[in-house]
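Worksheet for the structure shown next.
First the proteins, then the strands, lettered A, B, ... as listed; each starts at 1.
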There are 2 protein chains.
Amino acid sequence: MNKESGGRRVQATMTSLEIVEMLRELDGARVTELAEALDLSPSTVHTHLSTLVDADYVVKSGDIYHLSLHFLGLANYVRNRRNAYAIADSYTDQLARETECRAVFVVEENGRGVYMYTYSGKHAVWKYSTVGKRFHLHQTAAGKAILSQLPRERVIDIVEEWGLPAGTENTTTDQSVLLEELEAVEERGVAFNDEEQLEGVKAVGVPVDGSDGRVVGAFSVASPANRMTEDRFKKEIPKTLLGVANEFELENSMS
Amino acid sequence: MNKESGGRRVQATMTSLEIVEMLRELDGARVTELAEALDLSPSTVHTHLSTLVDADYVVKSGDIYHLSLHFLGLANYVRNRRNAYAIADSYTDQLARETECRAVFVVEENGRGVYMYTYSGKHAVWKYSTVGKRFHLHQTAAGKAILSQLPRERVIDIVEEWGLPAGTENTTTDQSVLLEELEAVEERGVAFNDEEQLEGVKAVGVPVDGSDGRVVGAFSVASPANRMTEDRFKKEIPKTLLGVANEFELENSMS
DNA sequence: CCATATATTCGGTAGACCCGAACTTTATAT
DNA sequence: ATATAAAGTTCGGGTCTACCGAATATATGG
């Protein structure tokens, strides 16, 4: 009874949101383009666009329509909705600086991971490019860190909903193996990703809990495998991460 | 022919978007709450919410509905849509560190300013709280910096659309005075805000132009008036800002 | 200046949105 | 435990509207 269960939907809203997504995908578009891409009449698209422009979700320059900066405000809201999310930002940055690796803070939503903050140690090239992107929890260090803190029945629900697709040949694709791994993660307090999501990328993750004991998210630090010595991977980075997680939980508990 | 001109709108989309805005305003809500707040029947609200949940714009936990992290992805897209926006981030951060003040990067959309990045020099308290917020261009240093780079007829259009409301008794509320001021700003390359938006807050702003010569946005640095000496306000901060704007334009032109 | 393509407006109808009522579930109090 | 209430959810039906297609306006290039 999970996905798209029974009830009714508002067709017009779905159309408008499809236009929004298509505007992102096409990086701005004209009426006709959208009409063709979505198999709608231009007049229909035009009416939807006018509505979205009025509501400030879309801007029109010439005949090209683009998503507006209104989404910045909405994103800012969802990011700061929980105090824990707000303070995670600077810790992620700190992690990236200390380790000189890519550091991220991720949370779980609907059984999947979402990148909330991403910082790179050195050059800020693809600094923000993955913010908001979703990923499979079982493929990453941060994801497994989060899973380790969830009730096992919830983990099983998530596996049933999203499956255990492989990212590389190292990905854990068996449920019982995953569950055993999560026990180990819970024990250690640290999760590892040994080229399980992407070839050549290793990562370490730690969960962070709220004052109610429930997991809020996870930090992780990733690096190209060839720049990551075994000692750094298994000792040094985990230690840094656990330290930051502790600081975070302390600050978070004081509010 | 500007605001809500003639044409038709999609009523259902407007309703869905009102629900989205209301979810932000109420910081999450139940069906009945929304129905009362928007004067709709609970069944109608329920159908809209189901649609939004399916589309991943809203999440449901228990009987409470919240905006989802999907907006992070959309915001990330609009932020990185223009390369200039993407690289402005680290310069804003740098400004905040160098000046130990609050530094922001803003752009213009539909005749108003939008905060795109905001950093505080010291403690990260309300670090992100204004991202995405809109403001009147004539009341701020960054806003006037942007206006100074726009064709004067465009400025007049903007004034006609949004007026010149006062934020404090120092706000420029007369169009011809504003236009004169913009000439001075263009000459100097720097704009000042002498407690014109908020009592007790001074700021300095500089515009940044794209390689096509059109303004992309503006940086500004703000500080409590009593911590800002005349020399810092009129000399030191402007110099820092102009330097950063130059670096920015250089990097931006190489892509 | 004409030809072409696209944006926008507008009439009419098929169909969907909205309400209200019935039903289900969850919470509270006796 | 049971009753009572309140909220969430489903579903039928009527009205309104979202959609299309054609006509008109606007922009582009030959």
Exercise for review: Would you indicate which nucleotide in D/dT9, C/dC17, D/dA7 comes nearest to any side-chain atom of B/K60?
Suggested key: D/dT9

Practice item. Run the numbers on A/R152 and A/E183 for salt bridge (charged side-chain N to carboxylate O under 4.0 Å, His left out), then give the verdict. Key: CA-CA 10 Å; A/R152 290 302 178 263; A/E183 295 301 324; 3.1 Å; yes

Check your understanding: C/dT6, D/dT9, D/dA7: which one has an atom nearest the side-chain heavy atoms of B/R30?
Key -> D/dA7

Study note, to complete from the structure: From CG of B/L34 across to C1' of D/dA7 the rounded distance in Å is 13 Å

Practice item. Counting heavy atoms from C-beta on, name the nucleotide in D/dG21, C/dG11, D/dC11 closest to the side chain of B/R8. Key: C/dG11

Review point. Checking salt bridge (Lys or Arg N to Asp or Glu O under 4.0 Å) against B/E108, which of B/K144, B/R134, B/R214, B/R154 comes through?
Key: B/R154

Check your understanding: Using a 3.5 Å cut-off on both pairing distances, which stems of three or more Watson-Crick or G-U pairs include DNA chain D?
Key -> C:1-30 with D:1-30

Review point. Does OP1 or OP2 of C/dC18 have a side-chain N or O of B/H48 closer than 4.0 Å?
Key: yes

Review point. Is there a donor-acceptor contact under 3.5 Å linking the side chains of B/R81 and A/H66?
Key: yes

Check your understanding: Any idea which of C/dC19, C/dT9, D/dA18 is nearest the A/S43 side chain?
Key -> C/dT9

Review point. Do B/T172 and B/H138 meet the criterion of a side-chain donor-acceptor pair at a distance under 3.5 Å?
Key: no

Review point. Using a distance-only test with no angle check, is there a side-chain donor-acceptor pair under 3.5 angstrom linking B/Y115 and A/N76?
Key: no

Study note, to complete from the structure: Among the nucleotides C/dC18, D/dC20, C/dT8, whichever has the atom closest to the side chain of A/L40 is D/dC20

Practice item. Choose from C/dC17, D/dC19, C/dC19 the nucleotide whose nearest atom is closest to any side-chain atom of A/T44. Key: D/dC19

